[in-house]
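Notes to accompany the following structure.
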Amino acid sequence: MAFMSEFFAIVVAILSMRALSESNLCPSRSPVKCSCPQEWQLWGNECYRLTPSYYNWDDAKKVCQGMGGKMATPRSLEELNFMVELARKEDGEYYAWIACNDKEVEGTWECDGQEGGEPFLVWADGQPNNWKGNQDCAKLVVRYIDTMDDEQCERWWKAFCVRLSTQPRQYCLSTDTHSRILNSTCLLDHNIREFITEGVVACGSACAQEPGCRSFNIKKTEDGKKICQLNNSTSSEDKDKFQKTDYFCVYSEVCLG
């Protein structure tokens, strides 16, 4: 009975969310269609561009934030290839900052949005080498065949920026072929972070505000708590990880401007 009460509570929350956020149900694994502001390029549910001018690493982070986003760093080979192509179209000899550094501990690289695990890093041969003991920031470089190089943070380069895509305002709930909500199927092994949540609306809002979040799970623990898991991928991008679970779990995609 408690399980069914939880299910109906989530259905009510979903219906409320639809009324407030122009949400709708859609078939599982159907990607949410989004768009980007002028001069930004869409990839997945996010928009990318290079900064308009050259900056040191710290200032480049602030400029990306001023444009409504954050400094970007690739999280997969596919994303890396997209960013490389974007840079090549603008400058065939590009150098561009990414959001990775080892300022805190030399040799321990941290990448924004990839905390809690090994960051995705594709170094050029012989890199990082911390030349002259003062290279704590990372960039992508065309001369190294579109791979990464460590650099002095004070040098001036353009930077990759990323922001959430805009329109349509939509939550996309995972359903079966009969449009019934799937309540034990979630995207696994793509968790950015997780926390106790009040329900679907709160979890979806957190995903919309979290750079890099493309979908979310809500799973129920044995003691009745609802855990919101923010994911850095979607069921359409990683079908093998979209799996049926042995616990109550609801999956959703979000695209909010």
| said: Is the shortest side-chain heavy-atom distance between D58 and K103 below 4.5 Å? | reply: yes
| remark: Scanning both residues in full, the closest heavy-atom pair of C36 with E46 reads SG-O, 4.2 Å
| query | Among the clusters formed by ILVMFWY side chains lying less than 4.5 Å apart, do Y144 and V122 turn up in the same one? | reply | no
| N129: partners by side chain to side chain contact (heavy atoms under 4.5 Å, CB included), with sequence neighbours left out | Q127, W131, Q135, D150
| said: Quick one: does any side-chain atom of W57 pair with a main-chain N or O of I98 as donor and acceptor, under 3.5 Å? | reply: yes
| field | R155 vs Y95 side-chain heavy atoms within contact, under 4.5 Å | value | no
| remark: Shortest non-hydrogen pair, A72 vs C161, comes out as CB-C, 4.0 Å
| When you measure from the side chain of S184 to the backbone N and O of K244, does any donor-acceptor pair fall under 3.5 Å? | no
| In this structure, are over 12 heavy atoms from other groups packed under 6.0 Å from K89 atom NZ? | no
| request: May I have the step-by-step check of side chain to side chain contact (heavy atoms under 4.5 Å, CB included) for T73 and E79, ending in yes or no? | output: CA-CA 9 Å; T73 184; E79 188 173 11; over 6 Å; no
| field | Validation row: L80, L140 side chains within 4.5 angstrom (heavy atoms) | value | yes
| task | Evaluate the ring planes of F160 and Y94, with Trp represented by its six-membered ring, and classify them as parallel (under 30°), tilted (30 to 60°) or perpendicular (over 60°). | result | perpendicular
| request: Considering non-hydrogen atoms only, spot the tightest contact between Y55 and W97 and give its length. | output: O-NE1, 2.9 Å
| request: Output, in order, the C-alpha distance, side-chain angles, deciding distance and verdict of side chain to side chain contact (heavy atoms under 4.5 Å, CB included) for I196 and I227. | output: CA-CA 5 Å; I196 296 175; I227 304 297; 3.8 Å; yes
| task | Of all the heavy-atom pairs spanning Y48 and L86, show the shortest one and how long it is. | result | CB-CD2, 3.8 Å
| said: Taking W157 as the starting point, is it possible to reach L50 by hopping between hydrophobic residues whose side chains are less than 4.5 Å apart? | reply: no
| Same cluster for V142 and M83 if Ile/Leu/Val/Met/Phe/Trp/Tyr side chains link at under 4.5 Å? | yes
| query | Is a side-chain N or O of S233 found less than 3.5 angstrom from the main chain of E237, in a donor-acceptor match? | reply | no
| request: State whether the side chain of T234 and the backbone N or O of S215 hold a donor-acceptor pair below 3.5 Å, judged by distance alone. | output: no
| query | Does NZ or CZ of K219 fall inside the cone over Y247's six-membered ring, less than 6.0 Å from its centre and within 45° of the axis? | reply | yes
| message | Are there over 12 heavy-atom neighbours, none belonging to I145, within less than 6.0 Å of that residue's CD1? | response | no
| message | Less than 4.5 Å apart, side chain to side chain, heavy atoms only: is that true for L121 and M148? | response | yes
| field | Short side-chain to backbone donor-acceptor contact, D102 and G107, under 3.5 Å | value | yes
| side-chain hydrogen bond (donor to acceptor under 3.5 Å, both in side chains) contacts touching residues 192-203 (sequence neighbours left out) | N191-E194, R193-E210, E194-Q229
| request: Could you go through the side chain to side chain contact (heavy atoms under 4.5 Å, CB included) check for L188 and T245 one step at a time? | output: CA-CA 9 Å; L188 307 180; T245 65; 4.2 Å; yes
| said: Tell me if a side-chain donor or acceptor on N217 pairs with a main-chain N or O of L187 at a distance below 3.5 Å. | reply: yes
| After noting the C-alpha distance and the side-chain angles of R214 and D238, does the key distance pass the salt bridge (Lys or Arg N to Asp or Glu O under 4.0 Å) rule? | CA-CA 12 Å; R214 300 184 182 183; D238 199 342; over 6 Å; no
| message | Looking at every non-hydrogen atom in both residues, tell me the closest pair between C203 and L230 and how far apart they are. | response | O-CD2, 4.1 Å
| request: Go through the steps for N130 and D136 under the test side chain to side chain contact (heavy atoms under 4.5 Å, CB included), then give the verdict. | output: CA-CA 7 Å; N130 197 32; D136 296 327; 4.1 Å; yes
| message | When you measure from the side chain of Y251 to the backbone of S235, do you find a donor-acceptor pair of N or O atoms at a distance under 3.5 Å? | response | yes
| task | Check step by step if salt bridge (Lys or Arg N to Asp or Glu O under 4.0 Å) holds for R88 and D146. | result | CA-CA 9 Å; R88 280 179 171 270; D146 305 311; 2.9 Å; yes
| Minimum heavy-atom distance between Q114 and F120, given as atom pair plus value | OE1-N, 2.6 Å
| message | Using a strict SG to SG cutoff of under 2.5 Å, would you count C100 and C137 as disulfide-linked? | response | no
